[in-house]
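This report refers to the structure that appears directly beneath it.
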Amino acid sequence: MLNPQQLAAVEHCDSPLLVLAGAGSGKTSVITQKIAYLIARKRLAASRIAAITFTNKAAREMRERVGKLISDEDAQAVTVSTFHALGLKFLQIEHARAGLRRGFSVLDADDSGGIVKELAPKGAKNDVLFGLRNLLSRAKNSGLSPQEALAAARSPRELEAATIYEMYQQRLAAFNAVDFDDLIRLPLRILEADADCRAVWRERFRYLLVDEYQDTNDAQYRLLKVLAGEHGGITCVGDDDQSIYAWRGANPENIDQLGRDWPSLRVIKLEQNYRCGKRILRAANRLIGNNPHLHEKKLWSELPEGAPIRVLECKEAEHEAEHIAAIATTLAEKHKARWHDMAILYRGNFQARPLEKALRLARIPYHLTGALSFLDRAEVKDLLCYLRLLTNPSDDAAFLRVVNVPKREIGATTLEKLGQMAQSRHGSLLDAVRSDSVLRQLTPRPAAALASFANLLDELRSASLHQGAAELVETIVARTGYAAQIAAGTPDASVRERKLGNLRELADWFRAMQKGGNSAGDLASQLALLSHADRDEPGNAVRLMTLHAAKGLEFRFVFIVGCEEGTLPHEGAIDEGRIDEERRLMYVGITRAKELLTLSWSARTKRYGEIHRNQPSRFLQELPQADLHWQGKDPEADKEAVRETAESHMAKIAAMLAGS
């Protein structure tokens, strides 16, 4: 089933190999088939092979595919893991060399961020803390120790981050812990410094296969180099045209570095695409051809030509979202497409809001990937928990979330004692609060605050008997003082307005969704179910995700929104001269589409109360114009689009009337 280039990549084992695998060219097949080839033909023990990738999902899928090609025993013996899982395995074995005790902890991002906050200057703002944490992470991803980072500092902020780095590592040592970046940095430092340890691990892994190689950072590349050694038992599979993670430390120059470190490197290109129609592929090739290349390649396909690429000019983001929702409805109703065949891609998570709203009002199921859903925002979750608690007084999780929202001076010690008493009485926390005997066992001030909270809930429950869900949300906001707390506790005007706007939008959503007979609790439960969908199993739902998150995926129908200057390419990239990476990002988005690609842009954008006029993205002009249908330039095609949109709107109205 392999084409000649894929077969050559599988069979080449005599020197280091770089496989430049274009989008949709079957790179995973090369890796999995090569593992089977090494075992069956080269007689290499399965336990001596390591396949390394970047995500747990990719590792799981690769292991499953390998398991279909080799025996169960060999499948268990092969190491298939992420870089960080491999580093963890190393440290669990070599913990003493790393100065760790057995059973060390691995801190997550929140844990490490909390330590940075403690060590940073008092009162440092969130953006400053984020910057310090990012600089610390970059130092580790470059393989630098605290002392090396201090010597390499070139600015006051870098000097501050390096100083915190040293204290941060002292804190980790006291906790017998490592963070995520240490899982690469510590094994690298040990292997580079300890010849005996290096010899053991080179013997342990005689052959390395690396997926998504273009995403490696400096420390990861050095780790591969030290493990592969001079003999270079390594195959790196990647695509320089899909290198889109420089912002988090990935170094696309690592592709060129392979040839410098191993002069005997062989390069094989996989250029046959098995995913995209010819028209989509032609557009992708034309676009990416504007970037410089050390290794030229041109993807080709035997699949049909496909429909013209549609380019939509919209009034603003809300109009753009409504247009996309209408097209999606038409695809589902007229062309019998499944929702999970569709993906809406965007440059930044902030673009998801109008899309979510439009899809929800159009009753289109969607799954938000890699972003904070509107319904997952703190202020929205707080209001939903109030609604849950009004509907179900036994909901202890909702009680704990809102009992101190807004602040009521009810401390952790009080809540712990309240929990113990509720448990002894076999009742809920709210039941315990309603008991005078329980309150008498607490100190007066928190006891009074809890009693006041219970009375507030009684008032809100009475109001809920006479109000719809939207009005009840507004009553909760006003009666609890929630809006006043946001106003007082959020000095940044834009953040404050966004939070208050989220509360208004929640009421608007309830108003749009509410029909006779549905209580506030019912609607809150519906929203909660939608917002807590299993993110790994989105089911039959339209996928909403950033272009970064879409890499490695494919869909029959793809929409790329926000194709305007300042959004895609991003204004920061324009200012800093990073257009090449933005172009690669657009290329990744285009090559996710199998059959139909729709590109859209908004003529104006509202930012901080001001209207900004937009220009279409330069990338739209770089596409082959003969393969595009620009809305407004073909009257007949436009009439068809308007008719389909009108039909979808009428169908939506009919469905709403039928359900009322």
Side-chain angles (χ1 to χ4, degrees), residues 1-7 20-30 239 241-242 269-289 296-312 323-324 326-345 540 542-543 547 550-561 563 584 586-600 619-631 633-634 636-641 643-645 647-648:
M1 297 298 291
L2 299 177
N3 66 38
Q5 290 73 31
Q6 290 173 326
L7 184 61
L20 286 173
S25 62
K27 64 182 179 64
T28 305
S29 294
V30 167
D239 182 6
D241 289 331
Q242 296 187 71
K269 301 175 186 177
L270 303 185
E271 297 174 296
Q272 182 174 0
N273 176 285
Y274 295 94
R275 175 190 301 154
C276 308
K278 287 187 176 70
R279 195 186 302 270
I280 292 171
L281 206 55
R282 196 158 51 237
N285 282 334
R286 178 75 65 85
L287 175 76
I288 205 64
E296 293 287 345
K297 66 178 184 301
K298 189 170 184 179
L299 300 187
W300 58 276
S301 173
E302 293 181 343
L303 296 173
E305 189 78 2
I309 297 168
R310 186 155 31 174
V311 182
L312 310 176
H323 205 152
I324 298 299
I327 295 172
T329 301
T330 299
L331 288 171
E333 294 174 352
K334 184 175 179 180
H335 302 288
K336 307 303 180 187
R338 303 270 289 168
W339 297 121
H340 63 67
D341 290 330
M342 308 178 204
I344 306 174
L345 312 180
N540 186 27
V542 175
R543 301 290 296 276
L547 288 158
K551 190 159 75 73
L553 303 177
E554 59 182 43
F555 304 91
R556 288 180 63 196
F557 312 105
V558 168
F559 304 88
I560 304 179
V561 302
C563 297
R584 292 195 292 268
M586 182 73 165
Y587 172 84
V588 165
I590 290 173
T591 53
R592 300 312 94 194
K594 298 167 72 174
E595 297 177 24
L596 184 65
L597 176 64
T598 301
L599 311 173
S600 61
F619 299 149
L620 296 178
Q621 302 298 333
E622 293 177 357
L623 301 176
Q625 299 302 301
D627 290 318
L628 306 185
H629 164 58
W630 286 77
Q631 186 182 47
K633 294 185 178 180
D634 184 344
E636 289 304 315
D638 287 344
K639 285 180 184 178
E640 175 65 15
R643 187 182 65 77
E644 289 186 352
T645 300
E647 286 179 355
S648 70

Checklist line | Side chain Lys269, main chain Glu296, donor-acceptor under 3.5 Å | finding: yes
Check: Rounded to the nearest 0.5 Å, how far does CZ of Arg279 lie from CG of Leu596?
Finding: 10.5 Å
Check: Which pair of heavy atoms, one from Leu2 and one from Gln6, lies closest together, and at what distance?
Finding: CA-OE1, 3.4 Å
Check: Measuring from Cys563:SG to Leu599:CG, what's the distance to the nearest 0.5 Å?
Finding: 5.0 Å
Next item on the list: Quick one: pull up CG in Leu281 and CD in Glu305 and give me the separation to the nearest 0.5 Å.
Entry: 10.5 Å
Notebook entry, point to check: Taking the side chain as C-beta and beyond, is there a heavy-atom pair between Asn540 and His340 under 4.5 Å?
Noted result: yes
Next item on the list: Would you mind reporting whether Phe557 and Glu595 have side-chain heavy atoms less than 4.5 Å apart?
Entry: yes
Margin query: To the nearest 0.5 Å, what is the distance between CG on Leu597 and CZ on Phe559?
Written below: 9.5 Å
Next item on the list: Kindly indicate whether the side chain of Asp239, heavy atoms from C-beta on, has any atom under 4.5 Å from the side chain of Tyr587.
Entry: yes
Check: Only one of Val311, Leu312, Ile309 forms a side-chain contact (heavy atoms from CB on, under 4.5 Å) with Trp630, so which one is it?
Finding: Val311
Next item on the list: Quick one: closest heavy-atom pair of Thr591 and Ala284, and the distance?
Entry: CG2-CB, 3.6 Å
Check: Lys594 and Glu554: which non-hydrogen atoms are nearest, and at how many Å?
Finding: NZ-OE2, 3.7 Å
Next item on the list: Apply the test side-chain contact (heavy atoms from CB on, under 4.5 Å) to residues Arg556 and Leu331: give CA-CA distance (whole Å), side-chain angles for both, the deciding distance (0.1 Å), then the verdict.
Entry: CA-CA 11 Å; Arg556 288 180 63 196; Leu331 288 171; over 6 Å; no
Next item on the list: Of all the heavy-atom pairs spanning Lys278 and Ser301, show the shortest one and how long it is.
Entry: CE-O, 3.4 Å
Notebook entry, point to check: Quick one: does Gln625's side chain have a donor or acceptor within less than 3.5 Å of a partner on Leu623's backbone?
Noted result: yes
Next item on the list: Among Ile560, Val558, Ile280, find the one that has a side-chain contact (heavy atoms from CB on, under 4.5 Å) with Arg592.
Entry: Val558
Checklist line | Under 3.5 Å donor-acceptor, Glu271 side chain and Leu20 backbone | finding: no
Checklist line | Closest approach of Ala283 to Pro624 (non-hydrogen atoms, all atoms of both residues) | finding: CA-CD, 3.5 Å
Check: Shortest non-hydrogen contact from Arg275 to Ala23?
Finding: NH1-CB, 4.1 Å
Notebook entry, point to check: For the atom pair CD (Glu302) and CG (Asn273), what is the distance rounded to the nearest 0.5 Å?
Noted result: 11.0 Å
Notebook entry, point to check: Going from OG1 on Thr598 to CZ on Arg310, what distance comes out if it is rounded to the nearest 0.5 angstrom?
Noted result: 5.0 Å
Item checked: Test item: Ile288 and Arg584 side chains (from C-beta on) under 4.5 Å apart, heavy atoms -> yes
Next item on the list: Please list, chain by chain and in numerical order, all residues satisfying side-chain hydrogen bond (donor to acceptor under 3.5 Å, both in side chains) with Asp241, sequence neighbours excluded.
Entry: His293, Lys297
